[in-house]
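Just so you know, ligand 1 is whichever comes first in the structure, and atom 1 is the first atom listed for that ligand.
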Amino acid sequence: MDHSDYYPDTGTAGLNVLVASSEAHPLVKTGGLGDVAASLPMALRDLGHDARLILPGYPHAKKLVRELKPVMDLRMAGVVGNVQLYSGLLPDRDLPVYLVDAPAYFCREGNPYTDVSGRDWGDNPERFLLFCRVIAHVAMGLPSLNWRPQVLHCNDWQTGLAPALLRDQDDRPALVFTIHNLAYQGLFDRNTFDRLALPGSLWSVTGLEFHQRMSFIKGGLVFSDQVNTVSPRYADEVRTPRFGCGLDGLLRQLGGRFRGILNGIDYRIWNPADDPALPQAYDTEHVHLKGENKLALQTLFGLPRDENAFVLGHVGRLVEQKGVDLIIAVLPQLVAAGRVQLVMQGAGDRALEHALQEAAAAHPEHVSVFVGYDETRAHLIEAGCDAFLMPSRFEPCGLNQMYSLRYGTVPIVHNTGGLADTVVDASDAALAAGTATGFLFNDPNPDGLWYAVEQALRMRNEQPERWRSLILAGMHADLSWQASARHYVDFYAEAMAAREMLAHAATA
Ligand code: ADP
Ligand code: GLC
């Protein structure tokens, strides 16, 4: 069966899709949203659709975009300084991108959301309202662009007001909203709502109001034609009070308008056979060469060079979600286990950064930590480790476990969200069927994690053939964007049909 049998022709050849995001690799990235926002539109273009990206004009983005040129001045009431729309191409691929250049809002040190000390920018509501206002303009087809999207695809709370602003526009595009992480909602007080001078009608439980606060994400959930999140399991989880962050009721109400579509990964960037970050390339035929990368990783991280050591790794934002405290809690067992090493890279919560640095200082032969953000190192960690730890308490999708699979690094993950949808546990049945790719544990606590690590260590040491079959099954798994991008095309078609029905109902 080929893909065309599985995905019926939905009559959606050559769709125009505007993807709106607050980050996109390599222009600006703090996490997986950045990867997805660049690779999904590219995958859509590969399928013959005209997908384009819109992003705030951060200084770094302006520097990196190719063929950058001003498109038009946008005169907007109540905005400080000039707002200009620029167009160009991503530096590493032919993906058109629009940048919203508003220096008073987006030209500053720090990251898209926080200042250098990690504090949220106080004017984030103004910054992302402005972004949403420009998204809404572009979505309606600015004359000087000579291009008009049939679908506006918004991502996460920073873009949530765009569907709210467009809701009553005749002739608006179909609106799709993706939740990458429900824990980040863009919540602000009533004074902020008043200060933003949004239509008063939006202050309602059927609008932006959420327990007497204003919620950006609700704009996306309430006013879009279709809503999704980034894995089927997380889509089920967020419809329960445990994972729903107070929005589970609303998500349940969306019924068939809400579902999970699994992310893919970008094989152009994450490919161990052709990755400039690796001293040694390898593929499924030459997995033994992976060991060279382990030695390079140990050298880089100042750990004893030992090809037989069992090296565990982790890369990620240091936040409660990721369960890094569980990794810290199992350190005593890990260190006692003998030739085990741990390589950690991340930045975020200052207390977790310190705890990790202290652990590295206490166990220099076993633990090494890099506090900071570094893409090249992240690639080498994926290639050089034996196993990758993701004890996330919840994980909408997670990309690192998929990068690990692709790099023949066995993921050890909590049985939740996208982790559960992408890693096949090494049960006897899955091992016998040759489908097992990693280790899943059910209880997000130190015992649960340690049990899984021990299982992995034992298999690596005592059953090398089984271990090798795990590695190869992971490397062979199809994690590409191709299938997921087709799901999005179907999803866009449903959004367009829903939008049409609404328009008919309004004129009837
Ligand atoms: P999330 O989006 O919740 O942060 P994902 O697993 O989806 O989690 O994506 C994280 C992305 O960010 C991956 O590409 C990962 O490599 C990258 N990343 C996170 N922290 C760092 C870091 N300190 N250095 C390099 N890359 C990082
Ligand atoms: C979010 C989630 C992560 C997901 C990423 C991309 O940041 O935390 O699980 O992979 O978005 O969708």
Side-chain angles (χ1 to χ4, degrees), residues 19 21-26 28-40 111-113 118 153-159 177-185 217 228-235 237-238 243 245 260-266 269-270 275 277 300-301 313-324 343-349 352-353 356 369-383 385 388-407 409 411 413-414 416-423 479 481 484 488:
V19 177
S21 169
S22 56
E23 50 183 274
H25 178 78
V28 56
K29 168 176 159 185
T30 68
L33 170 64
D35 288 340
V36 172
S39 46
L40 169 60
N111 82 23
Y113 321 115
H153 181 170
C154 292
N155 294 276
D156 274 355
W157 74 262
Q158 297 85 359
T159 59
F177 186 82
T178 299
I179 304 167
H180 292 266
N181 194 331
L182 197 58
Y184 301 96
Q185 302 184 353
I217 205 170
N228 78 307
T229 185
V230 287
S231 71
R233 173 74 79 95
Y234 188 63
E237 288 172 344
V238 290
F243 291 96
C245 305
I261 301 177
L262 200 61
N263 286 331
I265 61 170
D266 194 330
I269 295 177
W270 295 92
D275 183 336
L300 181 69
F301 275 81
H314 177 85
V315 178
R317 296 178 296 114
L318 295 179
V319 290
E320 153 102 13
Q321 171 194 348
K322 301 291 176 182
V324 169
V343 172
M344 301 283 299
Q345 174 166 314
D349 183 294
L352 284 173
E353 288 179 357
L356 285 173
V369 173
F370 175 77
V371 170
Y373 192 96
D374 186 318
E375 288 275 333
T376 308
R377 278 173 180 261
H379 283 244
L380 186 59
I381 293 173
E382 290 293 359
C385 289
F388 195 92
L389 302 177
M390 285 185 80
S392 312
R393 294 192 162 79
F394 67 94
E395 195 62 77
C397 179
L399 299 175
N400 278 313
Q401 82 282 8
M402 292 199 266
Y403 300 148
S404 302
L405 291 169
R406 179 98 172 113
Y407 279 62
T409 297
V413 304
H414 176 213
T416 190
L419 300 173
D421 284 337
T422 52
V423 179
L479 309 161
W481 263 108
S484 300
Y488 272 104

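- Counting atoms of ligand 1 from 1 in the listed order, those under 4.0 Å from a heavy atom of Gly398 are 6 (O), 7 (O).
- Within the model, atoms OG1 of Thr229 and NE2 of His180 stand 8.0 Å from one another, a figure rounded to the nearest 0.5 Å.
- Of all protein heavy atoms, the one closest to atom 1 (P) of ligand 1 is Lys322 NZ, 3.4 Å.
- Seen from the ring of Phe243, Arg233 does not count as a face-on cation partner, given the 6.0 Å and 45° thresholds.
- With atom 8 (O) of ligand 2 as the reference point, the heavy atom nearest to it among Asp35, Ile179, Asn181, Val319 is part of Asn181.
- With hydrogens left out, the protein atom closest to atom 10 (O) of ligand 2 is Gly398 N, 2.7 Å, a heavy atom.
- Atoms of ligand 1 lying under 4.0 Å from at least one heavy atom of Asp35, given by number and element, are 13 (C), 14 (O).
- Taking all heavy atoms of Phe370, Phe394, Trp270, Tyr373 into account, the minimum distance to atom 22 (C) of ligand 1 is reached by Tyr373.
- With a 4.0 Å cut-off on non-hydrogen atoms, Asp374 touches ligand 1 through its backbone and not its side chain.
- Ligand 1 lies less than 4.0 angstrom from a heavy atom belonging to Gly372.
- The ligand atoms of ligand 1 that sit less than 4.0 angstrom from a heavy atom of Ala378 are 25 (C), 26 (N).
- Under 4.0 angstrom from ligand 2, the non-hydrogen atoms of Leu33 all belong to its backbone.
- Taking the six-membered ring for Trp and the full ring otherwise, His379 and Tyr403 have centroids separated by 6.0 Å or more.
- Only the side chain of Lys29 comes within contact range of ligand 1, with a heavy atom under 4.0 Å; no backbone atom does.
- Heavy-atom proximity to Gly346, at under 4.0 Å, picks out these atoms of ligand 1: 23 (N).
- By the criterion of a heavy-atom distance under 4.0 Å, the side chain of Val315, and not its backbone, is placed next to ligand 1.
- We find the CD1-OG1 distance between Ile381 and Thr409 to be 10.5 Å, quoted to the nearest 0.5 Å.
- Each of the following atoms of ligand 1 lies closer than 4.0 Å to a heavy atom of Leu399: 5 (P), 6 (O), 7 (O).
- Around atom 3 (C) of ligand 2, the closest heavy atom drawn from Glu23, Glu395, Arg317 belongs to Glu395.
- Remark: Leu40 CG to Asn155 CG distance equals 8.0 Å, nearest 0.5 Å.
- The shell of residues lying under 4.0 angstrom from ligand 1, judged by heavy atoms, includes Tyr403.
- For atom 1 (C) of ligand 2, the closest non-hydrogen atom on the protein side is His180 O, 3.1 Å.
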